[in-house]
**Student:** 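Structure below; questions to follow.
Order of listing sets the numbers, starting from 1, for every ligand and every atom in it. The first residue of the sequence shown is numbered 1, and numbering continues consecutively from there.
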Amino acid sequence: MKIESDYQKVWASCLEIIKDNLGKENENQFKTWFEPIVPVELRDSILTIQVPSQFFYEWLETNFMELLKRTIREILGPQGMLKYSILVDTSIVGKPVTVRIPSTGGGQNTQNAPRDVPFPTGVGSSRVPINPFALPGIKKVKVYSQLRDTYSLDNFVEGECNRLARSAGFAVAERPGTTAYNPLLLHGGVGLGKTHLANAIGLKTKEFHPEKTVLYVTSEQFMQQYAEAGRNNTINDFVHYYEMIDVLIVDDIQFWAHKAAKTQEAFFHIFNHLHQRNNQIIITSDKSPSELVGLEPRLISRLKWGLSADLQAPDVETRIAILKQKLHNDGIEMPYDVIEYIAYSINTNVRELEGALVSLMAQSSLNRKQITLDLAKQMIDKFVKNSERDITIDYIQKIVCDYFSLPVDSIQSRTRKREIVQARQLAMYFAKKLTKSSLATIGMQCGNKDHATVLHACKTVANLAETDKTFRYYVEEIEKRFKD
Ligand code: ADP
Ligand code: MG
């Protein structure tokens with residue numbers, strides 16, 4: 001049996017095993033996913049490790065669960081457990097800790113869904129991350145802004161399509177909270193640069209005003225944090241935390257439409273508080289305020305207080321300029337006729353434009369072919385045909401329920417009827433497969449389940465599809481419907 005005195009030593013031994021298992025060829029994976037982990041405690045054969053974010057944790061669960069399980073058992077013996085402490089994305093640290101209980105059977109055991117065990121009280125030694133909410137009297141905690149360096153204003157190519165939004169953004173960065181552009185609402189279709197620009201304004205603000213607290217959150221994160229605060233009885237702390245931000249950026253607010261009524265209400269109060277104190281609010285949405293149905297009317301009326309600036313699809317000159325910039329940043333050269341061809345063929349949005357460029361470069365390097373106009377033509381034709389609309393979780397639920405002739409809202413119900421449980425699991429499985437949503441979001445939208453349930457559902461479906469013919473047929477038939 002191992003001595004439980006030194007969590008650091010234990011983790012160091014784990015790392016050795018993990019590194020060894022991953023091998024030289026996966027050194028990057030080791031660097032990315034294991035080096036940032038900080039061991040925080042060892043108690044009763046439970047090793048607590050701190051990971052930087054929910055996403056990070058999910059990634060470990062999805063990709064390295066078996067390895068971690070084996071390693072922990074090897075070092076701590078059969079009772080060994082691993083507990084994650086998630087330093088959540090917005091510096092809201094010390095969130096609930098998930099305890100991963102290794103299954104006792106050997107090999108993969110999908111029946112053993114990961115279990116969430118609430119953060120045991122009393123474990124809050126000084127090594128366990130402290131919740132900044134819980135520090136009385138501390139006004140300024142260090143807020144991790146969540147801004148991405150690559151989404152800068154310098155990288156944001158200017159064109160007719162974004163001139164107003166861009167210059168309003170610049171003004172806001174210079175004088176946050178004191179221009180008429182409060183809130184600044186950036187709206188426009190997918191892939192037109194809302195996230196990039198909002199992020200760029202945040203970075204620019206930091207440049208002009210290093211002392212200001214800037215925070216970028218997606219509306220989805222905000223909603224999850226709110227739900228979690230509700231579960232932990234920390235709503236007040238949640239609200240106070242947001243109320244001390246100088247420049248608050250909330251991305252994709254349309255996500256709250258037709259749901260999240262409580263979240264919207266909480267945000268409404270935070271909005272008022274910040275606005276009264278001349279703190280800046282920046283919001284993005286894929287719809288203009290008047291088209292934003294499903295949001296609280298009083299919230300929509302607030303959004304109209306400042307400036308709403310739209311981002312439009314770029315014209316061909318701007319598209320060429322964007323392509324050139326991307327190539328320049330990556331240090332890649334490409335014949336001008338190819339650039340032009342791409343710019344003329346892809347006129348939907350910037351994301352697809354970038355996608356086409358990346359595919360073309362991948363094609364050429366995989367097949368060791370020169371990038372020529374011919375290659376570009378072949379690839380773009382395929383690309384344009386294949387570029388599909390984004391599939392939403394709602395749409396997936398509808399397809400699955402239609403297939404089994406169930407009412408769509410049955411997925412939200414609490415019933416344990418087998419057919420409904422199965423439909424829900426299938427919806428979760430396809431949502432994981434076909435969208436970029438996190439496990440937590442999928443769970444929330446499929447009957448308010450947690451991420452562990454989603455993970456379990458995905459495994460169950462994959463397993464059944466392998467072992468049960470009828471079930472496999474269902475999966476294939478449903479999958480076909482997404483392709484129509
Ligand atoms: P949205 O949030 O509106 O869906 P994003 O901000 O995610 O769109 O933009 C999609 C991609 O296109 C990103 O990689 C972004 O960097 C790029 N992009 C969008 N607009 C521009 C622009 N004007 N200049 C350079 N890159 C852009
Ligand atoms: Mg976006």
**Student:** Just one of Tyr242, Phe267, Phe238 clears the ring-ring contact (aromatic ring centres under 6.0 Å, His included) bar with Tyr226, so which one?
**Tutor:** Phe238
**Student:** Any idea which protein heavy atom is nearest atom 15 (C) of ligand 1, and the distance to it?
**Tutor:** His196 ND1, 3.3 Å
**Student:** Can you report which non-hydrogen protein atom sits closest to atom 17 (C) of ligand 1, along with the distance?
**Tutor:** Glu354 OE2, 3.2 Å
**Student:** List every atom of ligand 1 that sits less than 4.0 Å from any heavy atom of Val190, numbering the atoms from 1 in the order shown and giving each element.
**Tutor:** 4 (O)
**Student:** At less than 4.0 angstrom from any non-hydrogen atom of Asn162, what atoms of ligand 1 do you find?
**Tutor:** 23 (N)
**Student:** Between ligand 1 and Gly188, can you find any atom pair, the residue atom being a heavy atom, that is separated by under 4.0 Å?
**Tutor:** no
**Student:** Does even one non-hydrogen atom of Arg166 get within less than 4.0 Å of ligand 1?
**Tutor:** no
**Student:** With Phe268, which of Glu296, His273, Arg298 fulfils side chain to side chain contact (heavy atoms under 4.5 Å, CB included)?
**Tutor:** Arg298
**Student:** With a cut-off of 2.8 Å, does Thr195 put an N/O/S atom close enough to the Mg ion (ligand 2)?
**Tutor:** yes
**Student:** Which is it for Asn155 and ligand 1 at heavy atoms under 4.0 Å: side chain, backbone, both or neither?
**Tutor:** backbone
**Student:** So, Lys398 and Asp402, do they make that salt bridge, N to O below 4.0 Å?
**Tutor:** yes
**Student:** Hey, can you tell me if Tyr474 and Phe404 have their rings parallel, tilted or perpendicular (30° and 60° cut-offs)?
**Tutor:** perpendicular
**Student:** When you measure from atom 7 (O) of ligand 1 to every protein heavy atom, which one gives the shortest distance, and what is it?
**Tutor:** Arg351 NH2, 2.9 Å
**Student:** Among all the protein's non-hydrogen atoms, which is closest to atom 24 (N) of ligand 1, and how far away is it?
**Tutor:** Val157 N, 2.8 Å
**Student:** Please name the residue in the list Trp256, Phe255, Tyr241 that meets the ring-ring contact (aromatic ring centres under 6.0 Å, His included) test with Phe222.
**Tutor:** Trp256
**Student:** Pairs in or reaching into residues 305-360: which pass ring-ring contact (aromatic ring centres under 6.0 Å, His included), with residues at least two apart or in two chains?
**Tutor:** His275-Trp305
**Student:** Under the side chain to side chain contact (heavy atoms under 4.5 Å, CB included) criterion, do Asn155 and His196 qualify, and how do the steps go?
**Tutor:** CA-CA 9 Å; Asn155 280 341; His196 186 141; 4.1 Å; yes
**Student:** How close does the nearest protein non-hydrogen atom get to atom 4 (O) of ligand 1, and which residue and atom is it?
**Tutor:** Gly191 N, 2.7 Å
**Student:** Distance only, no hydrogens: is a donor on one side chain within 3.5 Å (strictly under) of an acceptor on the other, for Asp251 and Thr284?
**Tutor:** yes
**Student:** Among the heavy atoms of Gly189, does any lie under 4.0 Å from an atom of ligand 1?
**Tutor:** yes
**Student:** Applying a 4.0 Å heavy-atom criterion (strictly less than), which segment of Lys326 is in contact with ligand 1: side chain, backbone, both, or neither?
**Tutor:** side chain
